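Accompanying notes for the structure given below.
Please read all numbers here as calculations on a predicted model, not as lab measurements. Within every chain, numbering begins at 1; the chains are lettered A, B, ... in the order of the sequence lines, protein sequences first and strands thereafter. Note that these values count all heavy atoms, side chains included, but never hydrogens, waters or copies made by symmetry.
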Protein chains: 2
Amino acid sequence: MSKSEVRPLRRSQQLREQIEERIVTGVYQPGTRLDEQDLAASFGVSRTPVREALIQLAAGGLIDLRPRRGAIIPETSAERLYEMFEVMAELEAMCGRLAARRIRPDELERLQAAHRACAAAHDAGDPDRYYLLNEAFHEHVYTASHNGFLGEQAAALHLRLRPYRRLQLRVRDRMGASFQEHMEIIEAIAAGDGERAAAALRAHIVIQGERFTDLVATLRQLNAQDKPAAAALR
Amino acid sequence: MSKSEVRPLRRSQQLREQIEERIVTGVYQPGTRLDEQDLAASFGVSRTPVREALIQLAAGGLIDLRPRRGAIIPETSAERLYEMFEVMAELEAMCGRLAARRIRPDELERLQAAHRACAAAHDAGDPDRYYLLNEAFHEHVYTASHNGFLGEQAAALHLRLRPYRRLQLRVRDRMGASFQEHMEIIEAIAAGDGERAAAALRAHIVIQGERFTDLVATLRQLNAQDKPAAAALR
DNA sequence: TGATGTGATCTTGTATACAATCTATCGCCG
DNA sequence: CGGCGATAGATTGTATACAAGATCACATCA
């Protein structure tokens, strides 16, 4: 929203980010058809940059762009969701394995600082704040892997799973459990134990039977009460 | 090139594929600036679909699209290349691990058929044909993982690494070694041994010290004799 | 002689106009 | 009364026009 455009970022880039945000936060629901003209009008630009933004989103898999049929937000099936989490778990595990071997002292320091920040949010019982700081924690692990490409891929998928990840905090005492798991992850990385770090991060991603079922159940609950899902996600 | 357009594929989609092909096969060299007007003229369309194609390529990381500076093909550093292969190895390993547990009899049959086809090309000493069939072999492994999302990610990265993978066959008796490795992969998958399949696939990707150094060396050799690289890659 | 500033030209980014195709409504026929 | 087809409206895809910024060359000055 800040109009301080010191660096003239490409218009379609900004648009992509804004539309992305609305999809990821659930303002635009799955199944919604995004009308180019409406978007153009609502953002005060012509259709051209809107189209370019949509193409970028389609390339990232966030929307489904079928020829002559327009852009629709795909309804992510439970199966598809499971697949994505399965990959996410492995990418995180890989980051952890590499980080345990490659992390620098200053990076470890920053990771621990991020963990302490999470601790504060946890103690304060503030899930929203915890959610935010959790993102930072994971970002630090990605960086510590010292594989830039891997970090980008992990961050991209992380973003795409954001709505579901957030949802997950609604499950009873997920925050506490998550915090415990972070502890284990840090310890493994600090100890330079790659396999243990990988295992800890893999376990940290919600794909194991119960947790994933919880997630899907919560999702169905939200969908059942048709529209409020957007508000609930925000 | 076939004009049998029964299904009206989007124009920018076709363009993306064609430009992608030229990048991946080395017709357009790293460092090249892709001029929108030139591309439009050479494909006989206006700048609009060309731009849309470029945006897609940029989203996939195949080109670098900087605001007001145009599209340039990034010079992939050895470090970056190593990072990408490191991720590729892990994705392949994951496919193998899952495939060992989930492959169906008919899929295993097809995988073995693909392997036999590779054998024929190997015996005939035809690296070009082997290269092509090798792609099919890996595609079968992706499918057998029964994780559609993973399969897509793996295929996308596979495509992006295509030029280098191809280059690698120039190394002495790489084809023979590759073939041996396929054998081991198939055996592990058929035996349902996920960890062994994962290890075999991880080892199959050229990132280990010597092989990777060979690759980079070959690359430098080609770059040294400036332009012929394109021809050599094709 | 080299560096810096200014202007011309070229390229990208955005808007608008037009063409092609898809959807939906209405009417017709069984 | 229901199903099918044609036409009108709307929406996407492509082309073109115009605006804004970047590059490069040239000239001027130290």
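The side chain of A/Arg68 lies closest to C/dC22 when the candidates are C/dC22, C/dT14, C/dG13. The nucleotide whose nearest atom lies closest to any side-chain atom of A/Asp35 is, among D/dT12, C/dG13, D/dG13, D/dT12. For A/Arg47, the side-chain atoms get nearest to C/dA17 when compared with the rest of C/dA15, D/dT11, C/dA17.
Taking 4.5 Å as the limit, some side-chain heavy atom of A/Ile205 sits within range of a side-chain heavy atom of A/Arg165. Within the 4.5 Å cutoff, side-chain heavy atoms of B/Leu111 are placed close to those of B/Ile189.
In this structure, B/Gln13 places its CD atom 10 Å from P of D/dT14, rounding to the nearest Å. Residue B/Arg66 contributes atom CZ, which lies 15 Å from atom C1' of D/dG21 at whole-angstrom precision. Here the P atom of nucleotide D/dT12 and the CD1 atom of A/Ile63 are 11 Å apart, to the nearest Å. For the pair A/Arg11 CZ and C/dT12 C1', the computed distance is 16 Å after rounding to whole Å. Remark: P of D/dA10 and CZ of A/Arg33 are 13 Å apart, rounded to the nearest angstrom. In this structure, CD1 of B/Ile72 is placed 16 Å from P of C/dT11, rounded to the nearest angstrom. When rounded to the nearest whole Å, the span between CD of B/Glu36 and P of C/dT12 equals 4 Å. Atom-to-atom, CG of A/Asp38 to P of D/dT12 comes out at 9 Å; the value is rounded to the nearest Å.
Ring orientation note: the planes of A/His115 and A/His182 are tilted relative to one another, at an angle of 30° to 60°.
Taken from CD in B/Glu90 to CZ in B/Arg97, the straight-line distance is 7.0 Å, to the nearest 0.5 Å.
Between B/Tyr28 and B/Arg33, the side chains place no donor N or O within less than 3.5 Å of an acceptor N or O (distance only, hydrogens not considered). A donor and an acceptor atom, one from each side chain of B/Ser178 and B/Tyr130, are located under 3.5 Å apart.
Phosphate proximity of D/dT11 to A/Gln37: present, with a side-chain N or O under 4.0 Å from OP1 or OP2.
Near DNA chain C, defined here as any heavy-atom distance below 4.0 Å, the residues from residues 48-60 of chain B are B/Arg51, listed numerically.
Checking B/Arg69 against A/Ser46, the closest nucleotide of DNA chain C that is more toward the 5' end is the one next to B/Arg69.
Note on residues 134-161 of chain A: pairs passing salt bridge (Lys or Arg N to Asp or Glu O under 4.0 Å), not counting sequence neighbours, are A/Glu152-B/Arg80.
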